[in-house]
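Okay, so here's the structure we're looking at.
Every number for a ligand or one of its atoms is a count from 1 in the order of the listing. Numbers here are sequence positions counted from 1.
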Amino acid sequence: MTNVLETGFEFMEANNPNGSPKIKGYNIINGQLKLSSGGETFESLNPALLSDSLGEFPLSTKEDVHEALAAARNAFPSWAATPAPTRGQIIGNMGRLLMQYKDDIVRVETREIGKTLKESGGEVQEAIDTCLFFQSEGRRLYGQTVNSELPDKELFTYRRPLGVCGIINACNFPSAVPFWKMIPAIMCGNTCVWKSPQDSPLLSFMLTRIMHEAGLPSGVINLIHGKGSGAGQHLVDAVDEGLVNKISFTGSTSVGKMIGEVCGRNLVSASLELGGKNPLVIMPSANMENAVEGAYWAGFGTAGQRCTSLGNLIIHEEIYDDFIEKLMEKVRSTTIGDSMAHENVLYGPMLSEKYANDFIRDLELCEKSGARKLWGNGRITSNNKPENFLGDPEQGVYMWPHVYADVTEEMECFHEEIFGPAITIVKAKDFEHALHLANASPYGLSSAIYTNDRLEAYRYKSGIKAGMTGINNSTTGAEAHLPFGGVKGSGNGTRESGIWVIEAYSYWHAVNDELSGKLQLAQMDVEEIELVEEEVDYSTLA
Ligand code: UN1
């Protein structure tokens, strides 16, 4: 067995044809590098260049998952007993190491999931921000002193850790989102088993190594690789076996509901951050250039693969045609390609072949629903590519930007999340109608409005059912210290980020300390203060 920090990275005998490194990846359990007990592996491919393999990673078995859970369980007592400011210091070290290695992490992230370098940079920064925020939260983690109703008695509240947390995230935010979950989890004194997304295992391996380099004791965070239906499912199944005290999941609503059911029947806490069909309303008083830019970025930045990406673009009828015309100018000239090879691309490939297939299926839903297609032609190939595609599209999994107009509430594509570069445009008769449409999908994650009418902005933010709302801003771009999460089909009401996430990884422990040396009964031995009954005629003052 090799300790994660006692060795460098192991490269496969044959690197890739283009010379890029291909590594042998491991699980990290109790600080040790481990292969799958079943001996099987899977590959991680660069979606911008499918011939570029980042490495081979263990396809973890149930046994591996259970070994990781046991490691987390063993590490729990001493980690929970480590002073919170010390836990915070280790988290601070993680933030500083992420800063030091930022350029390398950013390039690995872009190589592994195809996000542009600029966006990967933003995301790694979000992970750094999270560490810096929670470093000092370790010096707070406040409880309260509370007055007792009885004399010579004190009351206190303490935040206590939950135990072993199962962490499952999607690969679209493969560094920020696991940090949103694991950093507050360990700050509160919990230990974790992290099931890495199957499409970003190298990045997860790198980040877990950096966490250990920052001084994290063995067993506090255990990394297991594999597929959702394999290792991920074993982790969820372990809730039924009493081995997990918390699941934190970011992914689809259907999987989230399944996890919520398993956790619910075991009374285990679940944080569920699920899908969105985020509405963005454009009103006539808005600054049009600004609104076009915001809608375009919300819909097509990150190839539409954020859970906060724009879904339904709701435009007031007075400006419907003009707005679409301006938006289409931008859409038609979208620059797409591999950001490792070309500067200034708006977006790169889909996260992986799987995401591409799901996206194509969702496009069929738009076609079938009778929406009017204004732009887009499925997968980009050498015979089917938009004007500003850079490079050879056959080398990766690239999609056209898609725009569907004249969508109505009755259509299925109005209600379904389409994870990729596609937006559905809906016409609103007036503000009330626009607000109604914004609330009409089954989701409630992010939302936005462009208006210069303050009353409309006020009515929108108070009338919308969503976890997040942007005013004169796009639907994306939540900051690392505001609560992130949704309502309705977008989640179960838990939040990530900022001080609010602490609720999700700790429970309140109420302690009373009876100093009087005798049994004083609450409610019963409390001194009762009688009203002083006196007839006063206050009307004489009037
Ligand atoms: C996600 O898509 O799961 O608000 C997270 C945003 C980013 C995070 C997105 N800061 O768009």
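By the 4.0 Å N-to-carboxylate-O rule, Glu109 lies too far from Lys102 to be salt-bridged with it. Electrostatic pairing of Lys277 and Glu416 does not count as a salt bridge here, judged by no charged N lying under 4.0 Å from a carboxylate O. Classification of Asp358 and Lys354 as a salt-bridged pair holds, one side-chain N sitting under 4.0 Å from a carboxylate O.
A heavy-atom distance below 4.5 Å is found between the side chains of Met350 and Met399. Counting heavy atoms from C-beta on, the side chains of Ser248 and Trp180 never come closer than 4.5 Å.
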Extract all N/O-N/O pairs under 3.5 Å that connect ligand 1 to the protein, and present each with both atom names and the distance rounded to 0.1 Å.
residue: ligand 1; atom: 2 (O); partner: Asn172; partner atom: ND2; Å: 3.4
residue: ligand 1; atom: 2 (O); partner: Cys307; partner atom: N; Å: 2.8
residue: ligand 1; atom: 4 (O); partner: Gly477; partner atom: N; Å: 3.2
residue: ligand 1; atom: 4 (O); partner: Ala478; partner atom: N; Å: 2.7
residue: ligand 1; atom: 10 (N); partner: Glu126; partner atom: OE1; Å: 3.1
residue: ligand 1; atom: 10 (N); partner: Glu126; partner atom: OE2; Å: 3.0
residue: ligand 1; atom: 10 (N); partner: Ala478; partner atom: O; Å: 3.2
residue: ligand 1; atom: 11 (O); partner: Arg306; partner atom: NH1; Å: 2.8
residue: ligand 1; atom: 11 (O); partner: Thr308; partner atom: OG1; Å: 2.7
residue: ligand 1; atom: 11 (O); partner: Gly477; partner atom: N; Å: 3.0

Identify each donor-acceptor pair in which a side-chain atom of residues 459-471 lies under 3.5 Å from a protein atom, sequence neighbours left out, and give them as a table.
residue: Tyr460; atom: OH; partner: Ala448; partner atom: O; Å: 3.1
residue: Ser462; atom: OG; partner: Tyr458; partner atom: O; Å: 2.7
residue: Thr469; atom: OG1; partner: Ser447; partner atom: OG; Å: 2.8

